[in-house]
There are 2 protein chains.
Amino acid sequence: MRTSKYQSIFQHIRDKILNGDIPANTYLPSESELQQQFNASRDTIRKALDLLLQNGYIQKEKGKGSLVLDTDKISFPISGVMSFKELKETMHEDVITHVHKFVKYPVTPRMKKELGMDEGDVYEVVRIREIDGKKVIIDTDYLNAQVIPGLTKEHAANSLYEYIEGTLGLKVSFAKKEIVVVPASEEEKELLDMYEYDLLVCVKSYTYLEDATLFQYTESKHRPDKFRFVDFARRTV
Amino acid sequence: MRTSKYQSIFQHIRDKILNGDIPANTYLPSESELQQQFNASRDTIRKALDLLLQNGYIQKEKGKGSLVLDTDKISFPISGVMSFKELKETMHEDVITHVHKFVKYPVTPRMKKELGMDEGDVYEVVRIREIDGKKVIIDTDYLNAQVIPGLTKEHAANSLYEYIEGTLGLKVSFAKKEIVVVPASEEEKELLDMYEYDLLVCVKSYTYLEDATLFQYTESKHRPDKFRFVDFARRTV
DNA sequence: GAGTGGTCTAGACCACCAT
DNA sequence: TGGTGGTCTAGACCACTCT
C-alpha cells in the first residue's frame, strides 16, 4: 500500500472537518462507530485520531468523545516543515520569486559548521519574494551538494523541494527552526522594500532527510510587518 | 497507575539521552530488546518511542533502528505550552517579575471575542519581566474568572499555572499561538528598557483546558533583541 | 449501567537493511 | 537470510461521564 489505512482515514476525517461537513464543537462518531464505518480495528482508528489530535483538529475527552475544534479561527499553521511554494498555495496571494544569486563553491568554515560537512561543495541560493508587489522576504539557502547534486537555477526559480522530493526522490523528514530578530544590513535594505524598518525577522532552519542527513541550512528574513508565525502546541508532561 | 507505563519508559530513555548515557548518533536498543528490558509489549514500547520521535530526540530508520539525534545543538524548545516560570527554570538566568497591574472587571466586547465569553468577569494581569537587570518583556494575561475563580495578586507574582494546575486542579492541555511584530506604544516604551527600539515581538496565545475550555488569552511582548523562539517540526503528509 | 476513551497485551504479515 | 521498524488485527481491563 502506498499510503497506510490510518493515514487515509485521517485525511478523510480532516477533509470533512475542513469542509464543514463535521462542524466545530460537535463530537466525532465514537471509536467503535468509526471502526465499523471504516472497517478497521480500534488501533487503526486510534492512530488516525492521534494525527487529528496532534494537528489540532480535535480534542479527546475521556468518557465523552472526540470534540471537533475551531480550525478557521486560526488560519493555517506555518509551523511544520513546508516549502515556500506549498506555503504560497495556502495563502492565495500574489507571490513572485526572484532568484538573486545562484552559486556553487567549496564549503566554507562557517558552512562546515552549519551543515556539519567535512568537505565538498555547497550551493548558495538567494531568493527574493515579492508579495502583492512588495519585496518583503529574502531567503538564503545553503545546500550540501553531495546530498543534493545537479541543482540548477531553474529549480531554484520553481521549487527546491519539488526537485529534491520529486526528481531526486529524497524524503524531507524534519527540521529545527529558530526565530530571532536581526538588524537589516545595507544590502538587505536595498534588496527589499523596507520603508522605515531597520529590523528583519530571521527564521533559521536546519532541514533533514529521512535518514537524518542534514542537507539544508536556510535563513529566511522577513520584513517585520509582513511576518506571522502560527503554532499549535500540546502540553506534554 | 498515576503515570502510564509508556510515559515512564519515555522519560527514562529521554533522561538517558539528555545525560549523555546514550550518546547522539548511536542507535537505541531495538524494539524487541526494549520489550525485554522494560518487560512490556511491543505496542507500549512503540508508544514511548513515538514520544521520543515527536519531541525530536530520535529518528527512526526502517530496517536499521532508532537513531539518537543531537539535542544539545539546539537549546530547549520554547514551543509547546509552558508557563513563564517553567521557562525561567530552564534558562538559568536572573529573572524578576513585577506585577504592574491586577484588576477584575466585567467582560469587554473585545474580550468577549478573544475569550469566547458571553458574560461574567475577566482578570487582567500585566507583568513585567526583568532579565539580568533589564526590563525586556511585558506579559498581559486575560483570564475568564468563571473558569479561574479566586485569583489574587500573589498568585500573579508567583505563577498563574501553579495556581491553576496545583490549587484548582485544572489541567492545561493545548494552546494556539501566533507570533507577529508590532510597534511599541509610548506606555510600553516607558515600562521597558527599550534603548532605541520601536518594535516589539508579540506572542499571542490562546490557552485551553483538557475539556477544550478556552480560559486565557495572553499577549507577551518582547524586546526584539531579547526574543528567541525554537521549534522542532516533522513533515506530515 | 451503558458508553466513551486510555492502556496494555499478543500475534501476524510486510518492507527495508545488512550480510 | 535474519533483524529492524511499519502496519493491522483482536481481545482485555480500566477510569471517566452521563442519565
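For the numbers below, each heavy atom of this structure counts, side chains included, while hydrogens, waters and symmetry mates do not. Labels below follow one simple rule: chain letters A, B, ... track the order of the sequence lines, proteins then strands, and each chain is numbered from 1.
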(message) For B:Ser66 versus B:Ile58, what's the shortest heavy-atom pair and its separation?
(response)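 In terms of heavy atoms, the two residues are closest at CB-CD1, 4.0 Å.
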(message) Looking at every heavy atom in both B:Lys112 and B:Asp118, which two are closest together, and how far apart are they?
(response)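 Taking every non-hydrogen atom into account, CE-O, 3.2 Å.
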If I take atom [atom1] in residue [X] and atom [atom2] in nucleotide [N], what distance separates them, rounded to the nearest angstrom?
X	N	atom1	atom2	result
B:Gln36	D:dG3	CD	P	12 Å
A:Arg46	D:dT7	CZ	C1'	16 Å
B:Lys62	D:dG2	NZ	P	22 Å
A:Tyr6	D:dT9	OH	P	13 Å
B:Gln59	C:dC17	CD	P	13 Å
B:Asn39	C:dC8	CG	P	12 Å
B:Asp43	C:dA10	CG	P	11 Å
A:Glu33	C:dA2	CD	P	18 Å

What nucleotide, of [options], holds the atom closest to the side chain of [X]?
X	options	result
B:Thr44	C:dC8, C:dG6, D:dG5	C:dC8
B:Ser4	D:dT17, C:dG5, C:dC8	C:dC8
A:Ser41	D:dA10, C:dG6, C:dT7	D:dA10
B:Lys47	C:dA18, C:dT7, D:dT4	C:dT7
B:Glu31	D:dT9, D:dT17, D:dG5	D:dG5
A:Ser30	C:dT4, C:dC8, C:dA18	C:dT4

(request) Compare side-chain N and O positions of A:Ser32 against OP1 and OP2 of C:dT4 and report whether any pair is under 4.0 Å apart. (result) yes
(message) Measuring to OP1 and OP2 of D:dT9, would you say a side-chain N or O of A:Lys5 lies under 4.0 angstrom away?
(response) yes
Tabulated below should be each protein N or O lying under 3.5 Å from an N or O of nucleotides 12-14 of chain D; please produce it.
{"unit_1": "D:dA12", "atom_1": "N6", "unit_2": "A:Arg42", "atom_2": "NH1", "d": "3.2"}

(request) May I ask you to decide if B:Glu154's main-chain N or O and B:Tyr163's side chain share a donor-acceptor pair within less than 3.5 Å? (result)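 Not a single qualifying donor-acceptor pair exists.
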(request) Start with the C-alpha distance between A:Val172 and A:Phe215, add both sets of side-chain angles, then the distance that settles side chain to side chain contact (heavy atoms under 4.5 Å, CB included), and finish with yes or no. (result) CA-CA 9 Å; A:Val172 177; A:Phe215 73 97; 4.0 Å; yes
(request) Only counting residues at least two apart or in another chain, list the ones meeting side chain to side chain donor-acceptor pair (under 3.5 Å) with A:Tyr217. (result) A:Glu219
(message) Checking A:Thr213 against A:Asp211: is there a side-chain donor and acceptor pair closer than 3.5 Å?
(response)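 A:Thr213 and A:Asp211 do have a side-chain donor-acceptor pair below 3.5 Å.
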(request) Establish, from distance only, whether the side-chain atoms of B:Glu178 and B:Tyr206 form a donor-acceptor pair under 3.5 Å. (result) no
(request) Could you tell me whether B:Asp50 contacts a base, only the sugar-phosphate backbone, or nothing, with contacts defined as non-hydrogen atoms closer than 4.0 Å? (result) nothing
(message) Nearest heavy atom decides the nucleotide; on that basis, is A:Lys64 or B:Lys60 closer to the 5' end of DNA chain D?
(response) B:Lys60
(request) Indicate the ring-plane relationship of A:Phe174 and A:Tyr208, choosing parallel, tilted or perpendicular according to the 30° and 60° boundaries. (result) parallel
(message) Please report the interatomic distance CD(B:Gln216) to OH(B:Tyr161), rounded to the nearest 0.5 Å.
(response) 4.5 Å
(request) Return the angle between end axes of the helix from C:dG1-D:dC18 to C:dA18-D:dT1, with five pairs used per end and rounding to 10°. (result)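 Taking five pairs per end, the axes differ by 0°.
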(message) Among A:Thr44, A:Leu34, A:Leu49, exactly one meets side-chain contact (heavy atoms from CB on, under 4.5 Å) together with A:Ile9. Which residue is that?
(response) A:Thr44
